[in-house]
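Notes follow the structure.
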Number of protein chains: 2
Amino acid sequence: MSTTAHRPQRADARRNREKVLAAAAAAFAESGLEAQVEDIARRASVGVGTVYRHFPTKEALVEALAAEHFNKLAGIAEGALQERGDPWEVFAAAIWRSANAAATDVAWCEIMGGQPTAAQAASSGQMRLAAAMTTLIERAQAAGVMREDATVDDIRTIMCGFGHVAAAQRAGSPMQWQRYLEIALDGLRTR
Amino acid sequence: MSTTAHRPQRADARRNREKVLAAAAAAFAESGLEAQVEDIARRASVGVGTVYRHFPTKEALVEALAAEHFNKLAGIAEGALQERGDPWEVFAAAIWRSANAAATDVAWCEIMGGQPTAAQAASSGQMRLAAAMTTLIERAQAAGVMREDATVDDIRTIMCGFGHVAAAQRAGSPMQWQRYLEIALDGLRTR
DNA sequence: CCCCAACCGGAACCAGCCTTCATGTTAACG
DNA sequence: CGTTAACATGAAGGCTGGTTCCGGTTGGGG
């Protein structure tokens, strides 16, 4: 009565799960969150039913990818914690790295741009990201290179704006989000 | 064969058109662009068919309101052109006035945040807004109080981000868009 | 090799929402 | 007041896109 996992998971099932995840990542990256489940299934060479076997809902799929994204962002921020040098440069470089990672992925931008779901807010990636960012900010402020009143929420807000700008202008002027970041970062710096 | 307007428009028709427009403005302001046509009709005490008699499509209704909004923004910017005083203060005040006008109107924020449709881009409001903004920017730059490389497109981008931030966070922290603007404006200023 | 639970496929289903249309009503001109 | 074209109504239509479900398939333990 304890071995619920006598037949844990079939090999092909696991394989399909990965295919779906990869296909979803590609579809969302290209078309944003409005990519259709059927398109994802097609890319994975799988029926829609299979997608739903592995993820109860389209949103669950999004959530899974969002978690991945936030983990990557957390990784970038935590990496920056290790770096030596001018705290401002360290902070700014982390932001630029994050932006560059997200900019080519429409869904990633949209996730950053939208307000986080309950699931996201509680995800470990978000927590780690917020923690690392807080330290980066404090260090920069201690060195007197970042405005004293800046908070993690401000960064979140700026990155939210970034996400929208990058997602919205993927058709128009492609590099406008870089200008956006230049200006916003300048606004965070001490003068 | 010239008088196509023998019976130009019935009085009640004109009245209904206004009711629809007002109802749409209210519905969009409250629920954003995803407000439903049926809701608009209900608010106007009118059938959906009547809405479609006056506006061929929901999008046309949005377009009409968008034009109104851009005219208001143009008015604000042109008003600023008349003002005396530090060009930075004049510019910044115009931005704040615009933001405050839009912030309580979800659809307005979404319109600012989305990329402009062809119709919008060609609207007289947009043109006037861009023209006035350009002058405000040039004056500030001439006075040495705004970064030299700033352009109208940068302002557009920043206001696009603003729209999204304000619309996205209407549920969460309500005043975060103000922080956003503070920082972005600081980034535009000369240090 | 057999068998069964796990798994797959994709047509059918369903809900939300914009739009149309056939029918009934009304302003306004003569 | 009669006539008519303009107008209003809201149920029905149709499209889009997520989700379900059942008949068929298959991995893998015995």
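Throughout, a chain's letter reflects where its sequence line sits, starting with A, and its residues are numbered from 1.
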A/His54 side chain near C/dC8 phosphate (N/O to OP1/OP2, under 4.0 Å): yes

Are the charged groups of B/Arg179 and A/Asp149 less than 4.0 angstrom apart, N to O? yes

A/Val48 has its side chain closest, among D/dA5, D/dT20, C/dA6, to D/dT20

Picking from C/dC8, D/dG28, D/dC7, which would you name as closest to the side chain of A/Ala11? D/dG28

Gap between atoms CD and P, on B/Glu18 and D/dA8 respectively (whole Å): 13 Å

Regarding the side chain of B/Thr50, the nearest nucleotide among C/dT19, C/dC7, D/dA8 is D/dA8

Side chain to side chain contact (heavy atoms under 4.5 Å, CB included) between B/Arg189 and B/Trp88, worked out: CA-CA 8 Å; B/Arg189 211 166 178 171; B/Trp88 174 260; 3.4 Å; yes

Rounded to whole Å, how long is the line connecting atom CZ of B/Arg53 with atom P of C/dT23? 17 Å

Rounded to whole Å, CZ of B/Arg42 lies from P of D/dA8 at a distance of 19 Å

Atom CG of A/Asn16 to atom P of D/dT26: distance rounded to whole Å? 13 Å

Please state how far atom CZ in A/Arg10 lies from atom C1' in C/dC4, giving the value in whole angstrom units. 10 Å

To the nearest angstrom, the OH-C1' distance between A/Tyr52 and D/dC22 comes to 18 Å

State which residue, out of A/Met133, A/Glu83, A/Arg139, fulfils the side chain to side chain contact (heavy atoms under 4.5 Å, CB included) condition with A/Phe91. A/Met133

Please state whether the phosphate of C/dC18, meaning OP1 or OP2, lies under 4.0 angstrom from any side-chain nitrogen or oxygen of B/Thr57. no

From the set C/dC17, C/dG9, C/dA6, return the single nucleotide nearest to any side-chain atom of B/Gln36. C/dC17

